[in-house]
Amino acid sequence: MNVKENVIISLQQGLDAELTYAQIEQLLEVPKSSALGDYAFPTFILAKTWHRAPQQIAQELVTKIDGTAFEKVVATGAYVNFFLNKPAFAAATLTTILAEGTAYGDSDQGQQANIPIDMSSPNIAKPMSMGHLRSTVIGNSLAKIYHKLGYQPIKINYLGDWGTQFGKLIVAYHKWGSEAEIKADPIGNLLKYYVHFHEEALKDPELDDEGRAWFKKLEDGDPEATHLWEWFRGLSLAEFKKIYDRLGIDFDSFNGEAYYNDKMDPVVADLQQKGLLQESQGAQIVDLTAEGLTPALIKRSDGATLYITRDLAAAIDRYQKYHFAKSLYVVGAEQTEHFKQLKAVLKQMGYDWADQIIHVPFGLITKDGKKLSTRKGNVVLLDQVLDEAVSLAQAQIAAKNPELHDAATVAHQVGVGAVIFHDLKNDRLDSFDFNLAEVVRFEGETGPYVQYTNARAQSILRKADFSGDLSTHSLALADPQAWDVVKYLADFPNVIQRAAQGFEPSVIAKYALRLAKAFNKYYANSKILVDDEQLAARLGLVTAVSQVLQLALGLLGVAAPEEM
RNA sequence: GGCGCAGUAGCUCAGCUGGAUAGAGCAACGGUCUUCUAAACCGUAGGUCGAGAGUUCGAACCUCUCCUGCGUCACCA
């Protein structure tokens with residue numbers, strides 16, 4: 001079944017092949033409102049050759065087109081509008097969705113090629129804030145989207161688990177810390193020590209030297225420093241995992257910055273050997289003026305490595321391990337220059353796979369117009385936001401559906417779903433100021449709205465009491481009220497493609513909202529559970545809607561409770 | 001100052017490759033629960049699509065100039 005093809009062929013015949021198939025395909029559009037039709041052909045470009053007004057051309061063209069395959073073909077203004085045969089299209093669409101089930105929209109285009117996704121990457125000993133949420137949920141959703149298209153995503157949590165701050169932390173722990181405190185609240189107290197250290201260091205600059213000294217010890221493999229580092233890291237990771245569990249997200253790798261400690265020297269040597277390294281102001285750089293970029297600083301004047309040194313090692317390591325088709329970095333837009341540099345250096349090193357490295361940037365979350373900063377106390381803790389969302393969901397359930405069984409689980413699904421959906425529904429690159437009330441809203445264009453729509457559909461199916469196999473009945477749904485729903489359902493595979501091409505989960509989120517809205521409208525205007533000859537078709541529609549909503553929510557990493 | 005991203009209704013945002021009267025949600029006002037979950041549905045009101053010029057049969061979308069906001073511009077990550 002390819003209705004678009006039918007439209008194009010009919011037009012071609014009507015035009016006596018004046019335009020090619022490809023030209024018509026290019027011109028063909030979908031009207032904004034389905035009241036105008038399902039496909040539209042604008043006649044403007046024919047005005048010159050036909051020497052007539054577009055309106056007249058449209059009228060004449062309609063008479064030349066064989067419209068028997070369609071409900072109707074009409075001229076409206078300068079457009080030739082095609083109306084599809086609704087029952088036939090509905091039957092084909094619903095049959096496909098019911099038959100394919102959760103595989104609807106699947107593709108094997110990825111051929112199991114690997115796609116490592118660099119995502120989340122919180123810093124050890126610091127709490128996860130709303131700022132970390134974006135990378136985490138966008139990365140997770142992209143993993144699911146690409147998996148559906150036959151790729152093999154590898155979710156990598158590039159933990160911030162190395163750097164001078166660990167030296168400082170060790171000093172702070174020795175001076176003011178206690179094992180008992182840390183055990184009680186690992187991240188909270190580690191952060192407290194860290195902040196305290198910075199306050200004290202302002203008065204006593206020698207503290208910084210002590211911190212550097214301890215970091216040097218750590219780098220040299222000092223047993224005590226190593227032990228403390230491992231302890232802090234383990235505790236932090238355990239805390240992070242609690243949050244990831246709440247979000248329903250897991251990782252394939254926790255290879256953080258420390259993992260690359262012994263992998264940078266070979267990279268530097270390679271750069272040296274390829275003659276790319278230059279000395280400038282005492283530092284080692286790779287010149288990128290040819291690409292219009294500032295130089296990549298590989299080694300500081302004191303010999304220490306830098307961010308990009310580690311990222312080069314990581315990129316090369318990932319390529320050797322995975323031979324990726326694409327390597328995604330879900331990292332804030334403020335690091336765009338860094339990734340341009342990274343790619344440029346890799347290219348100069350002769351790695352043609354550098355082009356497969358893709359930075360997937362996202363906009364900044366601010367609070368009161370200012371950047372979130374743990375040290376300055378301008379933070380929004382992710383845990384607290386999730387708590388708030390879940391308790392609001394609980395209250396909502398108590399008020400609206402007190403009989404609901406397993407209310408705690410549903411409250412969790414709805415609350416967390418609201419937070420995730422809120423972060424994914426808009427264009428990645430949109431920056432926004434954090435607004436708790438907005439994040440935990442359950443009405444309107446929100447995750448819970450979509451979840452609720454699915455729950456309603458499920459409720460109908462429970463009550464339907466329809467014995468037998470829907471697929472053995474005619475699904476030729478004729479109800480014009482359901483038409484928008486059917487068209488959205490049919491569009492789902494394209495939507496996944498668009499989301500993947502743009503690395504944009506919001507495409508899925510917006511689709512889910514449109515489908516849910518169309519279904520709710522249908523629901524409000526039509527009685528579904530009526531025993532007539534169209535019952536099976538309507539139940540087929542409800543089943544398909546629920547299936548596709550669940551798939552869409554699944555691709556976003558949002559749960560789909562059956563009741564709420 | 002260079003580069004990048006953005007500027008659409010009071011607020012938050014859609015608008016697929018330029019196309020038919022610019023769409024949602026929130027907030028406001030008014031309707032709809034004895035009938036499939038009202039976390040819903042319907043209606044009213046609300047817009048010089050930052051400004052100006054250009055290209056085009058046609059521009060929120062493409063080009064140029066300007067204005068405004070954010071990010072970034074080597075020894076943090």
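A, B, ... follow the sequence lines: proteins, then strands. Residue 1 opens every chain.
Here the separation of G71(B) from G18(B), taken at their P atoms, is 32 Å to the nearest Å. Straight-line distance between the C1' atoms of G46(B) and C29(B): roughly 12 Å, to the nearest whole Å. Remark: the separation of the C1' atoms in C67(B) and U44(B) is 36 Å, to the nearest Å. Look at the C1' atom in both C49(B) and A24(B): the space between them is 15 Å, to the nearest Å. With both ends at atom C1', the span from A9(B) to A14(B) equals 13 Å, rounded to whole Å. One P atom belongs to C3(B), the other to U65(B), and the distance between them is 10 Å to the nearest Å. Atom name C1', nucleotides U32(B) and G58(B): the rounded distance is 42 Å, in whole Å. Using P as the reference atom, A59(B) and A53(B) are 13 Å apart when rounded to the nearest Å.
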**OP:** Encode nucleotides 33-41 of chain B as B, S and - characters from 5' to 3', where the letter depends on protein heavy atoms closer than 4.0 Å: B to the base, S only to sugar-phosphate, - to neither.
**Re:** --SBBSBSS
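Remark: P of A24(B) and CG of D484(A) are 12 Å apart, rounded to the nearest angstrom. Following rounding to the nearest Å, L515(A) (CG) and A14(B) (P) show an atom-to-atom distance of 20 Å. The distance between atom CG of L27(A) and atom C1' of G18(B), rounded to the nearest whole Å, is 12 Å. Whole-Å rounding puts the F166(A) CZ to C76(B) C1' distance at 14 Å. If you measure from atom CG of D311(A) to atom P of C76(B), you get 16 Å, rounded to the nearest angstrom. Straight-line distance from the CZ atom of F421(A) to the P atom of A14(B): 13 Å, rounded to whole Å.
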**OP:** Apply side chain to side chain contact (heavy atoms under 4.5 Å, CB included) to the pair S141(A) and I145(A), showing each step before the final yes or no.
**Re:** CA-CA 6 Å; S141(A) 177; I145(A) 291 166; 3.7 Å; yes
**OP:** Walk me through it: do R212(A) and D209(A) pass the test salt bridge (charged side-chain N to carboxylate O under 4.0 Å, His left out)?
**Re:** CA-CA 5 Å; R212(A) 268 190 286 273; D209(A) 294 335; 3.1 Å; yes
Subject >> Candidate pair F83(A) and W483(A), rule ring-ring contact (aromatic ring centres under 6.0 Å, His included), full reasoning >> reply: CA-CA 11 Å; F83(A) 291 77; W483(A) 184 233; 9.5 Å; no
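RNA chain B is contacted by both Q26(A) and L306(A); Q26(A) maps to the nucleotide lying nearer its 5′ end (nearest heavy atom per residue). In terms of position on RNA chain B, the residue among A296(A) and E29(A) whose nearest nucleotide sits closer to the 5' end is E29(A).
Contact annotation for P31(A): base contact, defined as any heavy-atom pair under 4.0 Å involving a base atom. Among the heavy atoms of the strands, none lies under 4.0 Å from A464(A). Within 4.0 Å (heavy atoms only), R514(A) reaches no atom of the nucleic acid at all.
H338(A) and Y307(A) have parallel rings, their planes meeting at less than 30° on a 0 to 90° scale where 60° marks the start of perpendicular. Classified by interplanar angle (parallel below 30°, tilted 30° to 60°, perpendicular above 60°), the ring pair H198(A)/Y194(A) is perpendicular.
The side chain of K32(A) contributes an N or O atom lying less than 4.0 Å from OP1 or OP2 of A20(B).
Within 6.0 Å of CD on Q26(A) lie no more than 12 heavy atoms contributed by other residues, nucleotides or ligands.
Pairs passing the ring-ring contact (aromatic ring centres under 6.0 Å, His included) check and including a residue from residues 417-447 of chain A, sequence neighbours excluded, read H422(A)-F432(A). Applying the salt bridge (Lys or Arg N to Asp or Glu O under 4.0 Å) test to every pair with at least one member in residues 531-541 of chain A, sequence neighbours left out, gives these pairs: D532(A)-R538(A). Sorted pairs that involve residues 390-400 of chain A and meet side-chain hydrogen bond (donor to acceptor under 3.5 Å, both in side chains), not counting sequence neighbours, are lacking altogether. Residue pairs meeting the salt bridge (Lys or Arg N to Asp or Glu O under 4.0 Å) criterion with at least one member in residues 514-528 of chain A: none, sequence neighbours excluded.
By the 4.5 Å heavy-atom criterion applied to side chains, I138(A) and S135(A) are not counted as neighbours.
A salt bridge does not link K263(A) to D317(A): none of the charged nitrogens lies less than 4.0 Å from a carboxylate oxygen.
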Sequence neighbours excluded and cut-off under 3.5 Å, please list the side-chain donor-acceptor pairs for residues 495-507 of chain A, or say none.
residue	atom	partner	partner atom	Å
Q497(A)	OE1	Q109(A)	NE2	3.3
Q497(A)	NE2	Q109(A)	OE1	2.6
E504(A)	OE1	R428(A)	N	3.3
E504(A)	OE1	S506(A)	OG	3.0
E504(A)	OE2	R428(A)	N	3.3

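Listed for the S301(A) side chain is no donor-acceptor partner under 3.5 Å among the backbone atoms of G282(A).
Proximity of residues 329-346 of chain A to RNA chain B (heavy atom under 4.0 angstrom from any strand atom) is restricted to E334(A), Q335(A), E337(A). At a non-hydrogen distance threshold of 4.0 Å, D427(A), D430(A), S431(A), F432(A) from residues 427-435 of chain A come into contact with RNA chain B. Residues from residues 279-290 of chain A placing a heavy atom under 4.0 Å of any atom in RNA chain B, listed by number, are S280(A), Q281(A), A283(A), I285(A).
In RNA chain B, the stems built from three or more successive Watson-Crick or G-U pairs (distances below 3.5 Å) are B:1-7 with B:67-73, B:10-13 with B:23-26, B:28-32 with B:40-44, B:50-54 with B:62-66.
For the residue pair Q481(A) and S526(A), no side-chain donor N or O sits within less than 3.5 Å of a side-chain acceptor on the partner.
Here A47(A) pairs with P54(A), I57(A) under the side-chain contact (heavy atoms from CB on, under 4.5 Å) rule; sequence neighbours left out.
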Between protein and nucleotides 56-58 of chain B, what N or O pairs are separated by less than 3.5 Å?
residue	atom	partner	partner atom	Å
C57(B)	OP1	K48(A)	NZ	3.3

